[in-house]
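Structure first, then comments.
Hydrogens, waters and symmetry mates play no part in the numbers below; they use all other heavy atoms, side chains included.
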Number of protein chains: 2
Amino acid sequence: MTERSVRLSFLFATTRVTQGLKRHFDERARAHGLTYSRARLLTLVARNPGVTQAELARLMEVEPPTMKHLLDGLEEGGFVQRCPVEGNRRANQVFLTERAETEHAGILRFLEDLAEELFDDVPDEDLAGALRLLDRISAKLAGESS
Amino acid sequence: MTERSVRLSFLFATTRVTQGLKRHFDERARAHGLTYSRARLLTLVARNPGVTQAELARLMEVEPPTMKHLLDGLEEGGFVQRCPVEGNRRANQVFLTERAETEHAGILRFLEDLAEELFDDVPDEDLAGALRLLDRISAKLAGESS
DNA sequence: TCCTAACAGTTAGTTTGCTAATCATGACCG
DNA sequence: CGGTCATGATTAGCAAACTAACTGTTAGGA
């Protein structure tokens, strides 16, 4: 196999694995009334209470319509709340609801347990190497889109 | 940061990067009348002419309804053709059309060029390490779903 | 001041993934 | 032979991502 096709295979493998991860997490998150994406967003709101939707979209590297959609789901489930920003009638601030505030620790532990379970037998050097690679690709993708 | 949260961060990073890769490839594949997923499927059909939809779904690690959709798109675009299997009236065999047959080399080169461009400055040991990790996770995901 | 441009959010419509359920066909066993 | 179960494909409906286009609000410059 040539180096070129190795790289293509690597790309396809990445896609397949991420798809599998999403499936795996979605399946288990359903018990909490969440999906993988919504749980991910929940941790983001928890760490950045009061940020606007646009800022959340930027942080999650997602387009505004996608963020709107995710927040609709979380709001309907009673996890977050949109509040108007005083001084800027365009923007909404997003906060966790009281209920989500109390449940947040449990949800985070649930996510960490799942990640732990999947990566517990992965050598640290593999993890570190892969992270370097991801960062490199991330930078490249970001740089080109500018 | 604890090891637990490092692993969670790694998971989220993987998700973000794969999302970015898909976006990147989709954007460029549009010029060929394709999307990333459809291009990926096209290479699969090219390497396995005449396989059934169920077999393609298994190979691509996708559920049958998803495969149906993807094939609908490729068939509509004139890239593939579904043919009844003689001896089994349930199944369809899938083949590239003549046009796709002649375009296939170009499409493959296009995909390889994109992968090359993204990975050309990635050290081989990083790529190999990440591939090991992906395989390990893949095996774990497959094992648990049984 | 007012016009225009930028920004925040939403709406509309497509793609790609999923699950659950349905339909037709095939296979196997009593 | 006939009934049940398995298989291949589809349909229906949901979730999450995208782009393009729209509404409303703010800011800045002529």
Side-chain angles (χ1 to χ4, degrees), chain A residues 15-31 33-42 50-77 82-94 141 145, chain B residues 15-31 33-42 50-77 82-94 141 145:
Chain A
T15 304
R16 255 186 296 115
V17 169
T18 305
Q19 201 173 298
L21 286 173
K22 186 186 177 301
R23 195 160 38 205
H24 181 85
F25 274 68
D26 272 344
E27 195 180 306
R28 283 155 183 78
R30 223 183 308 172
L34 289 167
T35 62
Y36 175 46
S37 293
R38 288 179 192 173
R40 207 151 55 93
L41 175 53
L42 201 67
V51 294
T52 62
Q53 296 189 199
E55 185 64 13
L56 282 173
R58 202 188 57 75
L59 288 170
M60 200 162 154
E61 291 184 21
V62 130
E63 299 303 316
T66 302
M67 183 50 64
K68 189 251 178 206
H69 191 216
L70 289 173
L71 286 172
D72 283 350
L74 280 181
E75 197 168 37
E76 197 172 333
R82 279 186 260 218
C83 304
V85 175
E86 46 183 297
N88 188 349
R89 271 182 298 176
R90 289 174 298 188
N92 290 329
Q93 285 182 292
V94 181
L141 287 172
S145 71
Chain B
T15 304
R16 256 187 296 113
V17 169
T18 305
Q19 202 171 297
L21 285 173
K22 185 186 179 300
R23 194 158 40 209
H24 181 84
F25 272 69
D26 272 343
E27 196 179 305
R28 283 156 182 78
R30 222 183 308 172
L34 288 168
T35 61
Y36 175 46
S37 294
R38 289 178 190 174
R40 207 151 54 93
L41 175 52
L42 201 67
V51 294
T52 63
Q53 296 189 201
E55 185 64 12
L56 282 173
R58 202 188 58 76
L59 288 170
M60 202 164 153
E61 291 185 20
V62 130
E63 298 303 317
T66 302
M67 183 50 63
K68 191 251 178 205
H69 271 149
L70 290 173
L71 286 172
D72 283 351
L74 281 181
E75 197 169 35
E76 198 172 333
R82 280 187 258 218
C83 304
V85 176
E86 46 184 295
N88 187 350
R89 272 182 298 176
R90 287 173 300 187
N92 289 329
Q93 284 183 293
V94 181
L141 286 171
S145 70

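Residue A39(B) comes nearest to L34(B) through the heavy atom pair CB-CD1, 4.3 Å, listed as atom of the first residue, atom of the second, then distance.
Inter-residue side-chain proximity for Y36(B) and T15(A) is flagged as met; some heavy-atom pair is nearer than 4.5 Å. Residues D26(B) and K22(B) have side chains in contact (heavy-atom distance under 4.5 Å, counting atoms from C-beta outward). Using a 4.5 Å heavy-atom cutoff, the side chains of L41(A) and L74(A) are in contact.
Atom NE2 of H69(A) sits about 10.5 Å away from atom OG of S37(A), to the nearest 0.5 Å. Here the straight-line distance linking atom OG1 of T35(B) with atom CZ of R30(B) works out to 10.5 Å at 0.5 Å rounding. In this structure, the separation between CG on L21(B) and OG1 on T18(A) is 8.5 Å, given to the nearest 0.5 Å.
Close approach of DNA chain C to chain A, defined as any atom under 4.0 Å from a non-hydrogen atom of the protein, starts and stops at dA6(C) to dC18(C).
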Would you be so kind as to tabulate the donor-acceptor pairs closer than 3.5 Å made by side chains of residues 51-68 of chain B, with sequence neighbours excluded?
unit_1	atom_1	unit_2	atom_2	d
T52(B)	OG1	E55(B)	N	3.3
Q53(B)	OE1	R82(B)	NH1	3.0
Q53(B)	OE1	N92(B)	ND2	3.2
E55(B)	OE2	R58(B)	NH2	2.9
K68(B)	NZ	D72(B)	OD2	2.7

For this session: Let me have a per-nucleotide readout for nucleotides 9-21 of chain D, 5' to 3', with B, S or -, counting only protein heavy atoms under 4.0 Å.
Result: SBB---SBBBBB-
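Under 4.0 angstrom from either OP1 or OP2 of dT26(D) there lies at least one side-chain N or O belonging to R89(A).
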